[in-house]
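Note that the structure is predicted; figures quoted are calculated from it, not measured.
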Amino acid sequence: MTQDSRSPQDAGPRINGAAAKPPPPTPTTIAAASATSPVVAAVAAAAVGAPSNAPPAEEARGGVAAAAAAAQAQAPAADLVATGPRPRTLPEICYTLRRKVLAFLDEQIQDAHEDRLLRDTQDQARVSMGVIEEALRRYGPEDISLAYNGGKDCLVLLVLILACLPVAPSFALSSAFAVAAHTTSASTLTSTATSSSPVSSSVSASAPDSSEPTRAATSQPPPSPPPEPLQAIYIAPPDPFPEVEEFVEVSTAEYHLDLVRYALPMRPALEAYLGDRPAVKAIFMGTRRTDPHSEFLKHFSPTDKGWPQFMRVNPVIDWHYAEIWTFIRRVGVPFCCLYQQGFSSLGGVTNTRPNPALALDPGVDGTKKFRPAYELVRDDEERLGRDR
């Protein structure tokens with residue numbers, strides 16, 4: 001396997017197999033954390049399931065109250081989750097993300113340049129969701145995992161996977177999602193499993209037709225056991241950024257990942273993980289074709305000879321850099337604050353710096369300043385801030 005590692009909670013994150021179980025943060029605690037720490041950009045809006053339509057600078061800084069107020073003014077009532085002590089359940093999170101992703105697939109804008117980028121990103125998302133749904137048909141919850149390091153690419157992948165879980169039969173979440181649908185009064189979702197179009201972009205914001213009896217109208221949904229969280233592996237560099245570590249911890253909790261962390265090189269980390277989780281047969285990877293050694297990968301690619309054997313599932317392999325950021329910003333996905341500081345690709349502290357292509361003229365005090373990562377356009381400039 002010659003693959004870049006680019007790649008959160010029932011059991012909580014684990015460090016080299018040792019469980020570490022921080023209490024799951026609620027939307028309130030996550031928003032409060034963003035006021036004192038710059039780790040999660042736009043988290044105040046996204047933690048309540050609302051679209052993040054505020055200007056980028058407002059999303060990034062610690063103006064939590066302003067972002068939350070803007071989100072409440074812009075979001076439909078069904079998108080707002082109570083900010084009391086109860087954390088959102090996995091079905092609620094998946095249902096909200098699915099609704100937001102399908103709404104994104106229906107989006108249209110007038111500007112010709114932005115419209116082309118939007119349509120290209122929508123097409124990429126449809127293809128990726130088709131690949132994810134195929135993987136979820138092939139593998140059950142115990143068979144498949146996600147390589148997750150808090151970076152932009154695996155973040156897009158995570159959101160798309162969670163948005164597909166409501167229609168994944170192998171995950172057996174139907175009763176749990178029926179409860180989520182009943183309690184959130186969410187829009188009607190349509191199955192995405194079609195041969196000609198991997199994803200149906202049809203989503204209704206209106207109430208169900210009153211002529212058709214619904215479960216909510218006839219009875220309470222039956223109680224169901226909590227669904228299994230998505231398994232995940234985090235292969236940390238030897239010198240991780242504290243901001244990345246904190247973002248991984250916060251997002252692991254928010255998205256209910258069953259995450260295991262290894263501070264090992266990639267091959268021994270994968271060997272250890274498959275030893276700890278021998279049932280895993282496939283791992284979702286946030287790899288893109290512009291990553292090192294990834295130009296010939298397919299959506300389903302077994303690992304190379306001499307590497308731990310599993311199926312690499314690469315749903316975002318053909319995405320371009322600008323499409324990744326178009327999805328993140330239009331869907332309103334919280335991301336690590338380092339991207340606001342000019343980092344366009346995240347590795348370790350010693351081999352990663354802000355991208356020189358994003359450099360601004362020094363201020364009067366001579367301080368180097370950088371534009372945010374989402375202002376970069378070209379794929380071939382993405383890794384200019386990386387030594388390798």
*Could you tell me whether R353 and D387 make a salt bridge, using a distance below 4.0 angstrom between a side-chain N and a carboxylate O?*
yes
_N/O donor-acceptor pair under 3.5 Å between T303 side chain and P308 backbone_ = yes
*Determine the minimum heavy-atom distance between G286 and L157, stating which atoms define it.*
N-CD2, 3.7 Å
*asked:* Between L259 and V248, is there a side-chain heavy-atom distance shorter than 4.5 Å?
replied: yes
*Does the side chain of I233 reach to within under 4.5 Å of the side chain of I235, using non-hydrogen atoms?*
yes
*Identify the heavy atoms of L376 and A357 that sit nearest to each other, and give their distance.*
CD1-CB, 3.9 Å
*To the nearest 0.5 angstrom, please state how far the CG atom of L358 sits from the CD atom of Q341.*
12.5 Å
*Taking 4.0 angstrom as the limit, do R277 and E142 come out as a salt bridge?*
no
*Does K298 have any side chain to side chain contact (heavy atoms under 4.5 Å, CB included) partners at least two apart in sequence or in another chain, and if so, which?*
S301
*Do L158 and L230 have side-chain heavy atoms sitting under 4.5 Å apart?*
yes
*Say whether, by atom type as modelled, one donor and one acceptor occur between the side chain of Q124 and the main chain of D318 under 3.5 angstrom.*
yes
*Do side-chain atoms of D291 reach the backbone of R288 as a donor and acceptor pair under 3.5 angstrom?*
yes
*asked:* Using only atom types and a distance under 3.5 Å, with no angle test, would you say the side chain of Q122 pairs donor to acceptor with the backbone of F104?
replied: yes
*Over all atoms of both residues, closest heavy-atom pair of C154 and A147*: CB-O, 3.7 Å
*Side chains of D239 and T350: do they bring a donor and an acceptor to under 3.5 Å?*
yes
*Look at the side chain of S145 and the backbone N and O of Q231, then say whether any donor-acceptor pair between them is shorter than 3.5 Å.*
yes
*Residue list, side chain to side chain contact (heavy atoms under 4.5 Å, CB included) with E134, at least two apart or on another chain*: R137, R138, F300
*With a distance cut-off below 6.0 Å to the six-membered ring centre and an angular limit of 45° from the axis, does R329 pair with Y374 as a cation-pi contact?*
yes
*Ignoring hydrogens and geometry, is there a side-chain-to-backbone donor-acceptor pair from S345 to R383 under 3.5 Å?*
no
*So how far is it from Y95 OH to R98 CZ, rounded to the nearest 0.5 Å?*
9.0 Å
*Supply the atom-to-atom distance R378 CZ to Y321 OH, rounded to the nearest 0.5 angstrom.*
13.0 Å
*Of the non-hydrogen atoms in P302 and R312, which two are nearest, and what is the gap between them?*
O-NH2, 2.7 Å
*Just how far is it from atom CD1 of I93 to atom CD of E254, taken to the nearest 0.5 Å?*
4.5 Å
*NZ/NE/NH1/NH2 to OD/OE distance under 4.0 Å, E323 and R119*: no
*Please say which of E245, E249, R261 ends up in a side-chain hydrogen bond (donor to acceptor under 3.5 Å, both in side chains) with Y234.*
E245
_Determine whether the aromatic ring centres of residues F241 and F343 are separated by less than 6.0 angstrom._
yes
*Got a donor-acceptor contact below 3.5 angstrom from the R126 side chain to the L105 backbone?*
yes
*Donor-acceptor under 3.5 Å (N314 side chain, I317 main chain)*: no
*Distance from L155 atom CG to K152 atom NZ, nearest 0.5 Å?*
10.5 Å
*Atom CG of L270 and atom CE of M266: how far apart are they, to the nearest 0.5 Å?*
6.5 Å
_Over all atoms of both residues, closest heavy-atom pair of Y339 and G151_ = OH-CA, 3.4 Å
*asked:* Just so I know, are the side chains of F284 and P315 near enough to count as touching, which here means a heavy-atom distance under 4.5 Å?
replied: yes
*asked:* Closer than 4.0 angstrom, basic N to acidic O: yes or no for R116 and D111?
replied: no
*For D143 and G140, indicate whether the former's side chain and the latter's backbone hold a donor-acceptor pair under 3.5 Å.*
yes
*Backbone of T89 reached by a side-chain donor or acceptor of E92 within 3.5 Å*: yes
*asked:* I need the minimum non-hydrogen distance between L384 and N355, along with the two atoms involved.
replied: CB-OD1, 3.5 Å
